There are 2 protein chains.
Amino acid sequence: MRGFEGATVDRIAARARLNKAMIYYHFHGKKDLYRTVLRSIFTTMGDGLAAIASSNAAPADKLDRFVAAFVAEGQARAHVAPIMLREIAEGGRRLDEETYTVMVRVVRAMTGIITEGRAAGQFGPVDPILLYLTTVWPIVVYLATTPIRNALARVAQFDVGRLDPERFIAHLQMLNRHAVMPAAAGAGPAGELS
Amino acid sequence: MRGFEGATVDRIAARARLNKAMIYYHFHGKKDLYRTVLRSIFTTMGDGLAAIASSNAAPADKLDRFVAAFVAEGQARAHVAPIMLREIAEGGRRLDEETYTVMVRVVRAMTGIITEGRAAGQFGPVDPILLYLTTVWPIVVYLATTPIRNALARVAQFDVGRLDPERFIAHLQMLNRHAVMPAAAGAGPAGELS
DNA sequence: GTCTATATCGGGATAGAC
DNA sequence: GTCTATCCCGATATAGAC
């Protein structure tokens, strides 16, 4: 919630009922600990999502499940979404190649489903990366904004209930279902760009 | 790029060719300066986007233009997207009510277009807030990831060219066009949720 | 209003005992 | 392996001269 800088090694040690020096004994430094934790988290998430991608359900069903599973995984680990956003905001400065590699498995899980659907002729010509962008990142922001939604709602006066997880998931699934419809995606004029 | 904590008052002053003490003379502190800048930025962005929303084009066209304009505004101010992501990640701790109010104008610009389209019977029953979430936040992430896209592409081996702004904008416009189609949105079974 | 010099403090990292 | 005490630096903020 307060980020890499906000988490002091003292507090981390206290939370783990350890002494600060132990952290420096087991890890090369704060950043090394951070990367280790991230690799662990994204390995777990990647496993679950890759399992969905490689199941033998229909691609369209996998896509729906991917969305629901990503939301569920994110809710079960509420600290992950803010971390992802912060890393993006900071240009991924703190990540090393190995951590990137682990994260990319999540991307592949989703793009694999789409590629499969296209190869099977069940999906139209939608770009996997673009659909990944418009699927995963609203989820991450949705998850990360959960704590402040009330604060914003007070100012904006919208009904928070409309943003409950089930409705949000259904909305995303609806968007994706249309996006992958054969002969629906890339087609059509792009509209005014300026 | 390095966030609120990463930007030292010394460097800010140097960049402005001023002395650090001057900043503390004109503002109550670093946070006060930060809020003032954010209010200014979002006022400008809100003006442009509200102008699109209140123009007398058709709602569907406004939606397309909103997407293109948001991307353009974001590109013209490359530092804004990371700031938005970081603020979300930190639970909006640094924002005060006044800053929230200014930011909400951007939300209203988009939701207003959808509400108008629905009232005119041109849009189906899509939720304005949900469509805002799935429209604006992919854009913000897209903008914020521009610097690291190459690093990721190297590991993931995808073609970066597929992510150029025009294609991205067209993809989002396509998604939204389908989402607001009468009798297309909220309709249909939601699929498996677990 | 504009500057230099400095107070102050929090946090990463380590020395060194046991 | 595990701890306490400490070094050290960088950053916010202010005092006070001009």
Side-chain angles (χ1 to χ4, degrees), chain A residues 1-42 77-100 102-103 144 147-148, chain B residues 1-42 78-100 102 144 147-148:
Chain A
M1 201 67 184
R2 327 215 118 183
F4 181 84
E5 273 94 24
T8 74
V9 179
D10 275 305
R11 286 179 59 86
I12 294 171
R15 188 77 69 90
R17 310 186 67 138
L18 281 176
N19 189 278
K20 173 166 67 165
M22 281 313 295
I23 290 182
Y24 286 99
Y25 178 77
H26 284 287
F27 300 91
H28 291 146
K30 189 182 175 184
K31 192 151 67 178
D32 181 40
L33 168 62
Y34 178 77
R35 286 172 177 166
T36 305
V37 171
L38 281 203
R39 277 196 293 269
S40 160
I41 290 173
F42 284 101
R77 289 175 252 279
H79 50 288
V80 177
I83 288 176
M84 295 175 78
L85 294 184
R86 206 178 280 102
E87 273 309 320
I88 288 185
E90 316 237 328
R93 263 186 303 125
R94 285 187 278 269
L95 308 180
D96 55 0
E97 187 112 351
E98 192 184 341
T99 311
Y100 271 124
V102 177
M103 288 178 168
I148 55 169
Chain B
M1 200 66 183
R2 329 216 114 180
F4 181 83
E5 274 93 24
T8 73
V9 179
D10 274 304
R11 286 178 60 85
I12 294 170
R15 190 77 70 89
R17 310 186 66 137
L18 281 175
N19 190 280
K20 172 166 67 167
M22 281 314 295
I23 290 182
Y24 287 101
Y25 178 78
H26 284 289
F27 300 92
H28 291 147
K30 190 182 174 183
K31 192 149 67 179
D32 181 40
L33 167 62
Y34 178 77
R35 287 172 176 164
T36 305
V37 171
L38 282 202
R39 278 196 292 270
S40 160
I41 289 173
F42 284 102
H79 50 286
V80 178
I83 289 175
M84 294 175 79
L85 294 184
R86 206 178 280 102
E87 274 308 322
I88 287 184
E90 316 236 327
R93 263 186 302 125
R94 284 189 279 269
L95 308 180
D96 55 359
E97 186 112 352
E98 192 184 343
T99 310
Y100 271 124
V102 177
I148 55 169

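Throughout, protein chains are lettered first and strands after them, A, B, ... in sequence-line order, and every chain is numbered starting at 1. Everything numeric in this text was worked out from a predicted model, so none of it was measured.
Put simply, CE on B:M22 is 7 Å from P on C:dC3, counting in whole angstrom units. Computed from coordinates, the A:N19 CG to C:dA15 C1' distance equals 13 Å when rounded to whole Å. One atom, CG of A:D32, and another, C1' of C:dA13, lie 14 Å apart when rounded to the nearest Å. To the nearest angstrom, C1' of D:dG10 lies 13 Å from CD of A:E5. Distance A:D10 CG to C:dT14 P: 15 Å, rounded to the nearest Å. As rounded to whole Å, 13 Å separates atom P of D:dG10 from atom NZ of B:K20. We find that NZ of A:K30 is positioned 8 Å from P of C:dA13, with the value rounded to whole Å. When the P atom of D:dA11 is taken as reference, atom CZ of B:F4 falls 13 Å away, rounded to whole Å.
DNA chain D is contacted by both A:R17 and B:A7; A:R17 maps to the nucleotide lying nearer its 5′ end (nearest heavy atom per residue).
With respect to the salt-bridge test (charged N to carboxylate O, under 4.0 angstrom), the residues B:E90 and A:R86 qualify. Classification of B:R94 and B:E5 as a salt-bridged pair holds, one side-chain N sitting under 4.0 Å from a carboxylate O. Taking a cutoff of 4.0 Å between a charged side-chain nitrogen and a carboxylate oxygen, B:D96 and B:K31 do not qualify as a salt bridge.
A donor-acceptor contact shorter than 3.5 Å links the side chain of A:K30 to the backbone of A:A7.
Other residues, nucleotides and ligands contribute at most 12 non-hydrogen atoms within 6.0 Å of the CZ atom of B:R11.
Contact annotation for A:A13: no contact, since no heavy-atom pair falls under 4.0 Å across all strands. No engagement by A:H28 is indicated, since no non-hydrogen atom pair under 4.0 Å with the nucleic acid exists.
With C:dT4, C:dG1, C:dA15 as the candidates, the nucleotide lying closest to the side chain of A:A21 is C:dA15. For A:T8, whose side chain is taken as the heavy atoms from C-beta onward, the closest listed nucleotide among C:dG12, D:dT14, D:dT12 is C:dG12.
Note on B:H26: every side-chain N or O is 4.0 Å or more away from OP1 and OP2 of C:dG1. For D:dA13, one of the phosphate oxygens OP1 or OP2 lies less than 4.0 angstrom from a side-chain nitrogen or oxygen of B:Y24.
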